[in-house]
Amino acid sequence: MSAARVPSIRVTAMPADTNPYGGVFGGWLMSQMALAAGSLASQVGRGKAVVVSATDFAFPGAMTVGDELSVYCDIAATGRTSLTVAAEAIARERNGEATVKVAAGTFKFVLLDENDRPRAVGEAATSLPKEMTNG
């Protein structure tokens with residue numbers, strides 16, 4: 001993880017975010033990642049972007065209540081009406097600096113017009129600044 005990267009979202013895991021075993025629920029992690037990826041897709045697509053698929057999820061680490069979650073997103077691919085966003089979730093222990101990668105996955109978004117019909121990605125997203133892509 002590069003020191004220059006800026007998270008798309010940062011949030012603290014709370015007791016309500018746990019599974020029956022007391023660990024942070026994977027579904028909560030995925031929802032935070034979807035929020036972060038959606039924010040990037042809407043910004044880059046300059047409008048409404050809805051998720052149509054979520055793939056390639058892995059949960060290589062664990063986090064506990066009180067840990068801070070940062071989600072980093074990059075545009076992985078651009079289609080005619082879609083943007084694919086790679087998301088990486090990193091947890092930082094509450095009272096220190098130690099971090100661990102807790103999840104990674106890919107979201108595909110379709111851009112919609114004012115009538116909720118797919119619209120072309122257009123020039124705005126195809127000429128992205130380097131810091132918004134994984135290139």
Side-chain angles (χ1 to χ4, degrees):
M1 180 174 67
S2 169
R5 287 179 80 187
V6 176
S8 297
I9 193 171
R10 185 173 279 154
V11 64
T12 300
M14 301 300 286
D17 305 322
T18 60
N19 61 31
Y21 306 107
V24 173
F25 179 50
W28 179 81
L29 284 169
M30 289 177 73
S31 71
Q32 298 306 313
M33 294 167 72
L35 288 169
S39 177
L40 180 60
S42 291
Q43 177 187 13
V44 170
R46 307 242 193 279
K48 194 173 191 177
V50 295
V51 68
V52 294
S53 70
T55 59
D56 304 319
F57 275 86
F59 299 91
M63 62 185 296
T64 61
V65 170
D67 287 355
E68 180 183 83
L69 179 71
S70 295
V71 180
Y72 299 89
C73 295
D74 295 299
I75 301 297
T78 302
R80 192 178 71 74
T81 63
S82 67
L83 294 171
T84 301
V85 179
E88 179 181 53
I90 306 293
R92 181 188 58 82
E93 67 182 359
R94 182 162 187 82
N95 299 319
E97 296 300 318
T99 61
V100 63
K101 181 177 177 177
V102 294
T106 304
F107 295 89
K108 187 171 193 173
F109 292 84
V110 169
L111 304 182
L112 300 178
D113 65 15
E114 59 280 350
N115 297 312
D116 289 336
R117 296 189 189 271
R119 66 176 173 83
V121 171
E123 286 289 317
T126 55
S127 58
L128 298 172
K130 189 168 184 158
E131 63 272 6
M132 295 184 103
T133 69
N134 61 0

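All heavy atoms count here, side chains included; hydrogens, waters and symmetry mates do not. Predicted model only: the values in this text are computed from it and were never measured. Sequence positions, counted from 1, serve as the residue numbers for this chain.
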Quiz item: In Å, rounded to the nearest 0.5 Å, how long is the span from CD of Gln43 to OG of Ser8?
Solution: 8.0 Å
Practice problem: Verify side chain to side chain contact (heavy atoms under 4.5 Å, CB included) between Leu111 and Thr81, making sure each step is shown before the conclusion. | Solution: CA-CA 6 Å; Leu111 304 182; Thr81 63; 5.6 Å; no
Quiz prompt | Nearest heavy-atom neighbours spanning Ala41 and Leu83 | solution = O-CD1, 3.6 Å
Practice problem: Is it possible for you to say whether Leu69 and Met14 belong to one hydrophobic cluster, with membership spreading through side-chain heavy-atom contacts below 4.5 Å? | Solution: no
Self-check item: Ile90 vs Val100 side-chain heavy atoms within contact, under 4.5 Å
Solution: no
Quiz item: What pair of heavy atoms forms the shortest contact from Gly79 to Val121, and how long is it?
Solution: O-CG2, 3.2 Å
Quiz item: Quick one: does Asn19's side chain get under 4.5 Å of Val24's, heavy atoms only?
Solution: no
Quiz item: Going from OG1 on Thr106 to CZ on Phe57, what distance comes out if it is rounded to the nearest 0.5 angstrom?
Solution: 7.0 Å
Quiz item: Distance from Lys108 atom NZ to Ser82 atom OG, nearest 0.5 Å?
Solution: 4.0 Å
Quiz item: Do Asp74 and Val85 touch side chain to side chain, with heavy atoms closer than 4.5 Å?
Solution: no
Self-check item: ILVMFWY network linking Val44 to Leu35, side-chain heavy atoms under 4.5 angstrom
Solution: yes
Self-check item: Nearest non-hydrogen partners of Lys101 and Pro60, listed with the distance
Solution: O-CG, 3.5 Å
Practice problem: Please answer: with hydrophobic residues joined when any side-chain heavy atoms are less than 4.5 Å apart, are Trp28 and Val71 in the same cluster? | Solution: yes
Quiz item: So which heavy atom on Cys73 is nearest to which on Ala87, and how close?
Solution: SG-CB, 4.0 Å
Quiz item: Would Glu88 and Arg5 pass as an ion pair if we require N to O under 4.0 Å?
Solution: yes
Self-check item: Reported CD1-to-CG distance for the pair Ile9 and Leu40, which is rounded to 0.5 angstrom
Solution: 12.0 Å
Self-check item: Between Arg10 and Ser70, a side-chain donor and acceptor under 3.5 Å
Solution: yes
Quiz prompt | From Thr12 atom OG1 to Asp17 atom CG, the distance as rounded to the nearest 0.5 Å | solution = 9.5 Å
Quiz item: Does a salt bridge link Lys48 with Asp113, judged by any charged N lying under 4.0 Å from a carboxylate O?
Solution: no
Practice problem: Would you check if the side chain of Arg92 reaches a backbone N or O of Glu97 as a donor-acceptor pair within less than 3.5 Å? | Solution: no
Practice problem: Please examine the side chains of Thr84 and Phe109, heavy atoms only from C-beta on, and report whether any two atoms are closer than 4.5 Å. | Solution: no
Quiz item: Would a distance-only check, ignoring hydrogens and angles, find a side-chain to backbone donor-acceptor pair under 3.5 Å from Thr18 to Pro15?
Solution: yes
Exercise. Looking only at non-hydrogen atoms, find the nearest pair between Val11 and Gln32 and report the distance.
Key: CG1-OE1, 3.6 Å
Quiz item: Which atoms form the tightest heavy-atom contact between Pro118 and Val110, and what is the distance?
Solution: CB-CG1, 4.0 Å
Practice problem: Can you measure from CE (Met63) to CG (Leu29) and round to the nearest 0.5 angstrom? | Solution: 6.0 Å
Quiz item: Got a sec: does the CZ of Phe59 have more than 12 other heavy atoms crowding it under 6.0 Å?
Solution: yes
